[in-house]
Amino acid sequence: MTWEETIKYIRTQTAFKDLVEKAYFEEDLPLNVERFKQSEEFIATLQLLKQYQPQAKTILDIGSGNGISAVALALAGYQVVSIEPDPSTTVGAGAIRKLKTHYNLPNLEVLEAFAEELQLPNENFDIVYARQCMHHAYDLEKFVAEASRVTKKNGLFITIRDHVVFDKKDKEWFLEHHPLQKFYGGENAFTAPEYRTAMQNAGLKIDKEMKYYDTVMNYFPSSKQEVLNMFEMEKSKALQHLNKKIGILSKIPFLQSMYFKKIRLTKERVYDEKKVPGRMYSYLCIKK
């Protein structure tokens with residue numbers, strides 16, 4: 001299956017209803033945009049853009065997919081150029097053009113190209129933004145080098161939600177667990193050192209490497225509050241189990257503490273990103 005065929009197929013399958021909604025794959029393109037605009041992920045992203053580039057006017061959105069990010073950024077007032085190699089009206093440049101017309105966005109330009117082959121002037125954008133696409137690069141070094149080339153000096157290169165693996169075995173585990181890999185076979189991931197090396201070689205200074213649990217941009221659609229509550233929820237489950245074993249004695253703090261030690265219940269274990277297949281990272285870089 002192609003990527004377009006995959007998305008059209010999963011829209012018809014009840015088992016993928018939740019994924020279609022949370023990944024903004026619904027057939028109603030404006031609905032996807034409106035939901036994305038209001039997401040914790042996009043709100044956090046805008047906060048970073050305003051913090052690091054408060055005077056920015058121009059943004060290059062690489063790998064725009066069905067257009068949710070490019071359109072949301074244009075609606076936020078930026079002059080946006082969208083790069084998307086897939087011409088599809090479902091998941092590609094065609095879909096973005098539909099949204100451009102729907103929202104009447106003269107400040108959005110849509111180009112069909114691969115990130116490794118940008119036909120754009122040097123140092124042309126205040127911000128280069130890439131959401132969930134750097135890990136799909138067919139040449140990671142060239143992808144990042146091109147992104148850096150078109151970023152203005154002291155401009156911002158920000159990548160959101162890229163899959164990170166630790167080694168070959170971890171990558172195999174990720175691909176086995178990806179819900180759509182079996183349909184279109186196009187998923188990929190790199191190690192964090194590979195991402196960092198590509199950025200540094202491209203003349204970018206990494207200001208932030210945001211690991212999976214560092215920001216809601218990575219773990220969305222889980223909410224920030226849901227993630228903050230994870231440790232307390234695990235403690236609650238453990239105490240329920242302890243209560244079944246020793247009854248009212250489970251109320252004694254000392255016994256609770258001993259039990260937590262016995263089962264090795266710590267924040268480090270609860271928030272262990274190694275338990276998350278293909279966990280996502282985000283990077284924030286400044287062009288030297």
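The backbone N or O of S223 sits less than 3.5 Å from a side-chain atom of E226, completing a donor-acceptor pair. A donor-acceptor pair under 3.5 Å is formed between the side chain of D162 and the backbone N or O of M134.
Other residues, nucleotides and ligands contribute more than 12 heavy atoms inside 6.0 Å of the NZ atom of K275. In M258, the CE atom is not crowded: 12 or fewer heavy atoms of neighbouring residues, nucleotides or ligands sit closer than 6.0 Å. Atom CD1 of I248 is surrounded by 12 or fewer heavy atoms from other residues, nucleotides or ligands within 6.0 Å. Counting non-hydrogen atoms of other residues, nucleotides and ligands closer than 6.0 Å to NZ of K211 gives a total of 12 or fewer. By the 6.0 Å contact criterion, CD on E27 is open, its count of non-hydrogen atoms from other residues, nucleotides or ligands being 12 or less. Within a 6.0 Å sphere centred on CE of M230, heavy atoms belonging to other residues, nucleotides or ligands number more than 12.
Between Y219 and Y212, the ring planes lie perpendicular to each other; the angle is over 60°, past the 30° to 60° tilted range. Between H178 and H163, the two ring planes are perpendicular [angle over 60°; tilted spans 30° to 60°]. Taking the six-membered ring where the residue is Trp, H177 and W173 present perpendicular rings, their angle passing 60° and hence far from 30°. Taking the six-membered ring where tryptophan is involved, the planes of F114 and Y138 are perpendicular, since the angle between them exceeds 60° and thus also 30°.
Of the charged side-chain nitrogens involved, at least one lies within less than 4.0 Å of a carboxylate oxygen, so that R97 and E112 count as a salt-bridged pair. A salt bridge links R279 to D170: at least one charged side-chain nitrogen sits closer than 4.0 Å to a carboxylate oxygen. At a threshold of 4.0 Å, the pair E5-K8 does not count as salt-bridged, since none of the basic side-chain nitrogens sits closer than that to a carboxylate oxygen.
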Next on the checklist: Run S282 and N218 through side-chain hydrogen bond (donor to acceptor under 3.5 Å, both in side chains) and show every step you take.
Outcome noted: CA-CA 7 Å; S282 296; N218 293 331; 2.6 Å; yes
Next on the checklist: Please determine whether side-chain contact (heavy atoms from CB on, under 4.5 Å) holds for the pair M217 and M280, giving the CA-CA distance in whole Å, both sets of side-chain angles, and the decisive distance to 0.1 Å.
Outcome noted: CA-CA 9 Å; M217 294 188 303; M280 290 172 163; over 6 Å; no
Checklist entry - Taking it one step at a time, do N154 and K288 satisfy side-chain hydrogen bond (donor to acceptor under 3.5 Å, both in side chains)? => result CA-CA 6 Å; N154 299 314; K288 294 179 183 178; over 6 Å; no
Next on the checklist: Applying salt bridge (Lys or Arg N to Asp or Glu O under 4.0 Å) to R131 and E41, what does each step give before you reach the verdict?
Outcome noted: CA-CA 11 Å; R131 179 183 185 270; E41 177 204 331; 2.7 Å; yes
Next on the checklist: Is there a salt bridge (Lys or Arg N to Asp or Glu O under 4.0 Å) between R196 and E209? Walk through the geometry before answering.
Outcome noted: CA-CA 9 Å; R196 291 195 297 265; E209 178 185 61; 2.6 Å; yes
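Looking at Y195 and Q200, their side chains never bring a donor and an acceptor atom within 3.5 Å of each other. Looking at D207 and Y52, their side chains do bring a donor and an acceptor atom within 3.5 Å of each other. Residues E187 and Y184 bring a donor and an acceptor atom of their side chains to less than 3.5 Å of each other. Side-chain atoms of R149 and N122 form a donor-acceptor pair, as typed in the model, at a separation below 3.5 Å. If you check the side chains of K251 and N243, you find no donor sitting under 3.5 Å from an acceptor. H241 and Y259 are linked by a side-chain donor-acceptor pair at a separation below 3.5 angstrom, with hydrogens and angles left out of the test. Using modelled atom types and a 3.5 Å distance limit, the side chains of E84 and S64 yield no donor-acceptor pair. At a cut-off of 3.5 Å, with distance as the only test, no side-chain donor of H135 or N188 sits close to an acceptor on the other residue. In this model, a donor atom of one side chain and an acceptor atom of the other lie less than 3.5 Å apart for T58 and D126.
Qualifying salt bridge (Lys or Arg N to Asp or Glu O under 4.0 Å) partners for R269, counting only residues two or more places apart in sequence or in other chains: none. With sequence neighbours left out, the side-chain contact (heavy atoms from CB on, under 4.5 Å) criterion links N201 to E141, T197.
In this structure, I160 is a member of the same hydrophobic cluster as M210, with clusters built from ILVMFWY side-chain heavy atoms closer than 4.5 Å. When hydrophobic clusters are built by joining Ile, Leu, Val, Met, Phe, Trp and Tyr residues whose side-chain heavy atoms come closer than 4.5 Å, directly or via intermediates, Y24 is grouped together with L108. With hydrophobic clusters built from ILVMFWY side chains whose heavy atoms lie under 4.5 angstrom apart, F190 shares a cluster with F143.
A cation-pi arrangement is absent between K57 and Y78 under the rule of less than 6.0 angstrom and at most 45 degrees off the ring axis.
The closest side-chain heavy-atom distance from K22 to F25 is not below 4.5 Å. The shortest side-chain heavy-atom distance between I7 and E26 does not fall under the 4.5 Å cut-off.
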